[in-house]
There are 2 protein chains.
Amino acid sequence: MTAPRRVTIADVAEKANVSTAAVSKVLRKAYGVSPAMDERVRAAMAELGYRPHTAARGMRGQTYTIGMMLPDIRNPFFHEILEGLSKQLDGTDYQVLIGPGGSESASQAHIMNAMIDRRMDALILVAPLGNRRDLEETAKSVPMVVIGRHDRSPDYDAVVDDDLMGAALVVDHLVELGHRRIAHIEHKITGRNHPTTLPQSVRAEGYRQAMKRNDLGSEIDIVASTYSEEGGYLAARELLARAVRPTAIFAGADVAAIGVFNAVYEAGLRVPQDVSIVGYDNTSFAALGPISLTSVDQDGHAMGTNAARLVLERIESKRTRSVLLSTSPTLIRRRSTAPPPA
Amino acid sequence: MTAPRRVTIADVAEKANVSTAAVSKVLRKAYGVSPAMDERVRAAMAELGYRPHTAARGMRGQTYTIGMMLPDIRNPFFHEILEGLSKQLDGTDYQVLIGPGGSESASQAHIMNAMIDRRMDALILVAPLGNRRDLEETAKSVPMVVIGRHDRSPDYDAVVDDDLMGAALVVDHLVELGHRRIAHIEHKITGRNHPTTLPQSVRAEGYRQAMKRNDLGSEIDIVASTYSEEGGYLAARELLARAVRPTAIFAGADVAAIGVFNAVYEAGLRVPQDVSIVGYDNTSFAALGPISLTSVDQDGHAMGTNAARLVLERIESKRTRSVLLSTSPTLIRRRSTAPPPA
DNA sequence: TTGATTTTGTAGAGCGTTCTCCAATATTGG
DNA sequence: CCAATATTGGAGAACGCTCTACAAAATCAA
């Protein structure tokens with residue numbers, strides 16, 4: 001614990017025989033630095049192993065830190081977003097730090113505040129709960145990009161997957177295979193009236209629209225549950241107990257689809273011979289041999305890249321007009337879907 | 001973007017009719033505050049909605065931020081650690097922020113530096129790569145806890161699962177079922193000579209010891225691969241191609257076990273009738289119905305809680321003697337293991 | 001009482017940067 | 001060659017907090 005005092009800008013300045021202001025300029029690539037001085041300063045920094053003290057920089061300027069709020073660390077889809085983000089930020093001075101948001105609006109608000117208190121330059125929120133007014137409120141004090149919500153706000157940017165289209169891809173695929181009794185499992189948050197712009201609501205709506213478009217309006221069957229293994233399991237149990245049971249189940253998320261698998265096996269039925277199952281997100285385990293789940297792929301990597309770009313624009317180019325960036329999903333067909341039983 | 005100026009300590013001081021120093025004392029629960037003043041200040045803070053500016057605090061004191069370096073966000077086991085950590089920190093002023101470390105020693109070092117530059121009060125490193133000397137070097141400048149490595153260092157604390165014992169549990173279980181040809185898949189990092197204290201090395205060693213103890217020294221069969229789905233797949237292919245193939249495969253991690261599943265199915269064999277499979281980590285998908293993988297459970301939650309405790313001790317009680325905390329794993333028996341074919 | 005001690009509150013100097021002015025010097029145009 | 005302009009470098013005041021040192025007031029011991 002012999003903490004050797006950190007090398008500061010003053011040490012560098014002394015070594016290079018210039019003022020601290022000059023060093024700061026070099027650091028910020030600011031105007032008014034001759035090539036000669038620039039080189040001298042850089043040499044001194046290298047020799048002393050100087051690293052800027054981010055907290056101190058944050059006192060006046062930026063912290064070169066971008067906060068990413070993730071409701072659930074494990075979600076492989078979020079990981080893809082992070083990868084896109086990191087790759088885009090690689091080479092810049094910015095660093096992503098992840099704030100574990102949890103599944104409640106309150107805990108998410110807490111971490112968002114914590115990130116603001118730490119003077120992060122921008123916030124990237126992945127599928128945040130909470131109403132739009134609150135989000136806009138925070139967006140007033142820090143550049144912000146929201147991933148996965150279909151709200152369009154003048155105060156922050158949005159990067160979304162076209163969930164309406166994603167749901168349509170699923171329904172059309174199943175209809176094409178010959179299915180008619182196609183059920184959907186939706187993630188329904190209990191309590192307050194949550195915005196209808198959350199991905200889950202849009203997916204459900206997309207399902208409804210696609211069913212109608214295929215003249216299957218009368219077959220619409222939505223079970224409100226949660227996007228979790230247990231949620232999928234319970235919802236599927238309910239569906240399989242119907243007098244006339246569905247021949248295909250479209251779970252709004254892969255995790256829920258796993259629960260559906262379990263319920264179907266438990267009922268002594270086979271996938272896909274008796275029941276077809278479709279997920280959403282194309283998470284890594286959807287591809288696993290024993291599962292092989294047909295799913296909708298959102299290009300998380302691209303979403304992350306785009307989010308990074310938008311955020312940098314806001315920070316560096318001081319853009320203030322908001323942008324909504326929607327990417328289109330694709331359907332990955334696997335072995336969990338097949339024509340319905342004759 | 002009408003950023004309303006932040007409420008500072010000075011605003012609070014003015015409102016409460018005291019000095020800024022007094023407010024600071026209240027904030028830090030420092031000595032020398034009368035109950036009356038304390039109350040007045042707190043009231044003012046509440047009324048103004050004051051929130052301390054963490055970066056500014058960091059300039060002189062602490063940042064109340066604990067950095068957690070995670071090599072891979074997705075790993076469900078890491079999520080458990082995080083949960084234990086968060087729960088323990090809940091109610092304190094501390095906040096965990098996650099730094100994505102990546103799978104390379106260089107990128108991990110990068111994020112560690114970034115965290116130090118941001119003046120985090122302590123670092124919790126999960127299964128960090130890099131040699132011990134480097135770790136000790138960083139431990140000199142910040143309180144540190146390493147999770148998952150069996151090194152014992154005077155400079156930082158370690159929280160580990162007893163991997164030696166975990167491997168023994170697996171081997172004993174399989175032997176009990178009647179297996180003799182038990183193979184192991186190890187995660188082997190290419191390149192430099194990595195420390196033998198990484199979990200993967202200890203698990204392999206535990207396997208070796210347990211085999212010998214069961215008089216199966218001649219049956220020891222280790223394939224060097226990686227802890228990943230593909231790694232498991234490739235290793236299993238190699239094992240299944242042996243003249244006399246193993247009746248049980250012990251993958252050092254659940255993800256690798258998934259790859260083993262795929263290879264086994266591909267070879268037209270059944271689990272567990274033809275081949276038994278065991279994983280390690282008891283990740284959430286091990287419990288999934290279609291998989292049902294026998295695995296070793298490390299109590300990630302407890303590890304997180306312990307790490308938090310150790311870190312707080314170092315920060316607040318200024319403990320400097322290092323501690324090594326080892327917890328014991330348990331075996332979760334599922335349907336992927338059964339007696340060998342007759 | 002009176003001196004000694006404890007408690008309570010404040011002044012003010014940092015912490016390591018950024019950034020606005022300003023001065024000095026170099027360059028240009030006519 | 002001189003004024004006008006551009007370039008280069010630095011002084012020094014923030015930023016919002018912490019914390020040492022110290023003074024004033026209150027309490028205690030005898």
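Sequence lines set the chain letters: A, B, ... in the order given, protein chains first and strands last, and positions in each chain run from 1. Since we're looking at a predicted model, the values are computed, not measured.
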Derivation of the side chain to side chain donor-acceptor pair (under 3.5 Å) call for A:His53 and A:Arg6: CA-CA 9 Å; A:His53 186 313; A:Arg6 259 187 94 100; 5.4 Å; no
Residue pair A:Asn113 / B:Arg51, side-chain donor-acceptor N/O under 3.5 Å: yes
Audit row: B:Asp157, B:Glu313, side chain to side chain contact (heavy atoms under 4.5 Å, CB included) steps and yes/no: CA-CA 11 Å; B:Asp157 299 324; B:Glu313 275 175 29; over 6 Å; no
Which nucleotide in D:dC17, D:dG10, C:dT18 has an atom nearest any side-chain atom of B:Ile9: D:dC17
Distance (rounded to the nearest 0.5 Å) between B:Met112 CE and B:Thr138 OG1: 3.5 Å
Option from A:Arg133, A:Lys140, A:Arg132 for which side chain to side chain donor-acceptor pair (under 3.5 Å) with A:Glu136 holds: A:Arg132
OP1, OP2 of [N] versus side-chain N and O of [X]: anything below 4.0 Å?
X       : N      : result
B:Ser34 : C:dG9  : yes
B:Thr8  : D:dG16 : no
A:Arg28 : C:dC19 : yes
B:Tyr31 : D:dT18 : no

Cationic N near anionic O, under 4.0 Å, A:Arg57 to A:Asp121: no
Lys/Arg N to Asp/Glu carboxylate O, A:Lys15 vs A:Asp11, below 4.0 Å: no
Students often get this wrong, so: under 4.0 angstrom with heavy atoms, is [X] touching a base, only sugar-phosphate, or nothing?
X       : value
B:Ser24 : base
A:Ala22 : sugar-phosphate
B:Val23 : nothing

Upstream residue (5' side of DNA chain C) when A:Gln62 and B:Asn17 are each assigned their closest nucleotide: B:Asn17
For atom CE of B:Met59 and atom C1' of C:dT17, their distance in whole Å: 7 Å
Integer-rounded Å distance: D:dC19 P and B:Lys29 NZ: 13 Å
End axis versus end axis in the helix from C:dT1-D:dA30 to C:dG30-D:dC1, the angle rounded to 10°, five pairs used at each terminus: 30°
Side-chain donor/acceptor of A:Arg60 to base of C:dT18, under 3.5 Å: yes
